[in-house]
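Just so you know, these numbers come straight off a predicted model, no measurement behind them. Atom set for the values below is all heavy atoms of this structure, side chains included, hydrogens, waters and symmetry mates excluded. So that the names make sense, note that chain A is the first sequence line, chain B the second, and so on, each numbered from 1.
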Protein chains: 2
Amino acid sequence: MDMTPIDRIRSFNRTVTRRIGALGDDYLGRGRPLGASRLLFEIGREGANLRDLRSRLSLDSGYLSRLLRSLEADGLLALERAPDDARARRAILTRKGLKEWAVLDSRSQDLATSLLASLGDAQRERMIAAMAEVERFLRASEVEIAVAAPDGTAARHCLQAYFHELQQRFDSGFDPALSVSAAPGELTPPNGTFLLARLDGHPVGCGALKRIGRGVGEIKRMWVDPTARGLGIAQRLLEALEGEAAALGMRILRLDTNRSLDEARALYLRNGYREIPRYNDNPYAHHWFEKTRAKRAVSRPNSAKTSGRAGGA
Amino acid sequence: MDMTPIDRIRSFNRTVTRRIGALGDDYLGRGRPLGASRLLFEIGREGANLRDLRSRLSLDSGYLSRLLRSLEADGLLALERAPDDARARRAILTRKGLKEWAVLDSRSQDLATSLLASLGDAQRERMIAAMAEVERFLRASEVEIAVAAPDGTAARHCLQAYFHELQQRFDSGFDPALSVSAAPGELTPPNGTFLLARLDGHPVGCGALKRIGRGVGEIKRMWVDPTARGLGIAQRLLEALEGEAAALGMRILRLDTNRSLDEARALYLRNGYREIPRYNDNPYAHHWFEKTRAKRAVSRPNSAKTSGRAGGA
DNA sequence: CCATTTGTCTGACTTTAGTCAGATGAATGG
DNA sequence: CCATTCATCTGACTAAAGTCAGACAAATGG
């Protein structure tokens, strides 16, 4: 019974879609087409803007329009202009629609309940814990890392959270002004980069690169939202930063860190960073690390992989 | 972040169907309608009987017939008479069909791979483990317990496995002939019952009840397939047996068990069985238990949550 | 051998789902 | 104010999914 991870996922996939997907589809329904029920459910108690509905359910605008019409004809919802933008519209459930929504909601509860029904307490607990874990990791695999403006809204959000956390964790508190600089200009090419990790569009982590010498970069502002830790996001950010560093011609990467940040230290050590003597005057730093990029050991001409352009497609 | 189990499941449901369901649907596809691809995939390398396909994918026979026709027209499969039953037919993939199947198969691998792609080794391992666990429990909730003929095929399969296991586990080996009798006639109403636990139609456990006196029943043949242990099936069987016992007018339940069967002993103790002196001459027994049904007692109301099989679809 | 049941097919449908090319009116950025 | 862009709606489609009532031949159970 030893399965590869791939097999395991495929099997999981089958079981889950059969057990949940199948039920899930017809616990909705209620006489009206599935699409309409899903839409009704998605609108929710507070109502929703059509634009959001369109993107959340990825519906064609014409199709959405028609579905809404049919629900409207059944007296389940009303469409009104959005308060701020007269082009946009907003769907609100009527009293009848809310009732219908409640039915759908309770059905979805029944589905969940039926999964629990046949398990004992101990089993339930374990299943719930395992589900939470799977969900967490599935979400982790949705995290996207990309270059972003270090002074954008999302970036500022992360940095603020980052500073706030340092303040909490450092024995001495933390004042960005006393720390080593990392102004937006220093974190944009060609001087550096700023990377953001996003989940569902929301920022959940960041990391930056700042040039501090010829071929030497410094890693700064590494932070992951507490709710998203343990998912390997920091690792991915670090790898991405190293990639960016290479692109910016930095062969040596340095960084400093505070003694209270154990996870960070572990991360760097795990990734081949060696502790070195103090290289800056950051008052908050207790450890300094450095890593030199390997000399692309195989720059021999017969590594034709890159230039070869063998068979296409 | 404290969610009730129900919320947890619903959230899991959403995440998984969005992440896997959505991808899953279009990794198939390949130019032909989803239904046809699914069918092709389901037929598999060994081919399949139409009847099985119909039930596995729950398709209307007319619809299935049409889908098969279109795949046949594309030269992907051939239909042949089933060897044993000239009414039945069997779908077999042609060489071209197998090729197409392989493509679908590899796509489904890609899907799995993409879920792993962004995780580190440690995370992967944990996710896979959690998936295995969730899957296990989901399957557990598919187990159905029902009365069955003690001399049916499925029952004989279980009993054989049961005897075989006892033979392995008892220090003394095990010979059914030396043990206390439990002939089919003793395990059918009004003398007793035989319950089977099935998963996907396959037997995975059993338990029986035999009348041994006025208002006194004996629990026998409790067994759960090793691959399905830890899912609470024995617990459910026991509860179901107690229900049957009540229906058969047995107020006292007894049973014996061998010293090597620790899990069994734990199960009975957990369920309110008290150890009593030897009440039979079973040479394989070391412990004897008894439980008297409460007189419609006001046992704590919160024990009512067992296998309620809550609000069905 | 005959009445039934079983497994599959066929034809004639209806519903859902999904797409596309405009039309319309409101914002938006000079 | 004007050209664009945006958000939505409409009409005219097509394709896919699903349903139903027979028809037919093979098996099954007396």
Practice prompt. May I have the distance from A/Asn49 (atom CG) to D/dC6 (atom P), rounded to whole angstrom?
Written response: 17 Å

Response to the item:
In whole angstroms, the gap separating C1' of D/dA7 from CG of A/Asp52 amounts to 12 Å

Worksheet item: In whole angstroms, how far is the P atom of C/dA26 from the CZ atom of A/Arg90?
Response: 20 Å

Item to complete: Kindly write out the residues that satisfy side-chain hydrogen bond (donor to acceptor under 3.5 Å, both in side chains) with A/Glu135, not counting sequence neighbours, or none if the list is empty.
Response: B/Arg8, B/Ser11, B/Thr15

Item to complete: Would you mind listing every salt bridge (charged side-chain N to carboxylate O under 4.0 Å, His left out) that reaches into residues 58-67 of chain B, with sequence neighbours excluded?
Response: none

Discussion item. Please enumerate all residues that pass salt bridge (charged side-chain N to carboxylate O under 4.0 Å, His left out) together with A/Arg139, with sequence neighbours excluded.
Written reply: A/Asp200

Response to the item:
Across all chains, not counting sequence neighbours, the side chain to side chain contact (heavy atoms under 4.5 Å, CB included) partners of B/Ala240 are B/Ile145, B/Leu195

Worksheet item: Residues in side-chain hydrogen bond (donor to acceptor under 3.5 Å, both in side chains) with B/Glu100, at least two apart?
Response: B/Arg30, B/Arg32

Item to complete: Mark up nucleotides 20-30 of chain D, 5' to 3', with B wherever a protein heavy atom is under 4.0 angstrom from a base atom, S wherever such an atom reaches only the sugar-phosphate, and - elsewhere.
Response: B-----BS---

Worksheet item: Can A/Arg54 and A/Ser61 be counted as having a side-chain donor-acceptor contact under 3.5 angstrom?
Response: no

Worksheet entry | Contact under 4.0 Å: B/Arg54 side-chain N or O vs C/dT8 OP1/OP2 | yes

Item to complete: Round to a whole Å and report the spacing from CG of B/Leu59 to C1' of D/dG18.
Response: 10 Å

Worksheet entry | Whole-Å gap separating C1' (C/dT8) and CG (B/Leu39) | 14 Å

Discussion item. How many whole angstroms separate atom CZ of A/Arg38 from atom C1' of C/dA17?
Written reply: 11 Å

Worksheet entry | Gap between atoms CZ and P, on B/Arg89 and C/dT6 respectively (whole Å) | 20 Å

Worksheet item: Taking CZ from A/Arg51 and P from D/dC9, how many angstroms apart are they, rounded to a whole number?
Response: 13 Å

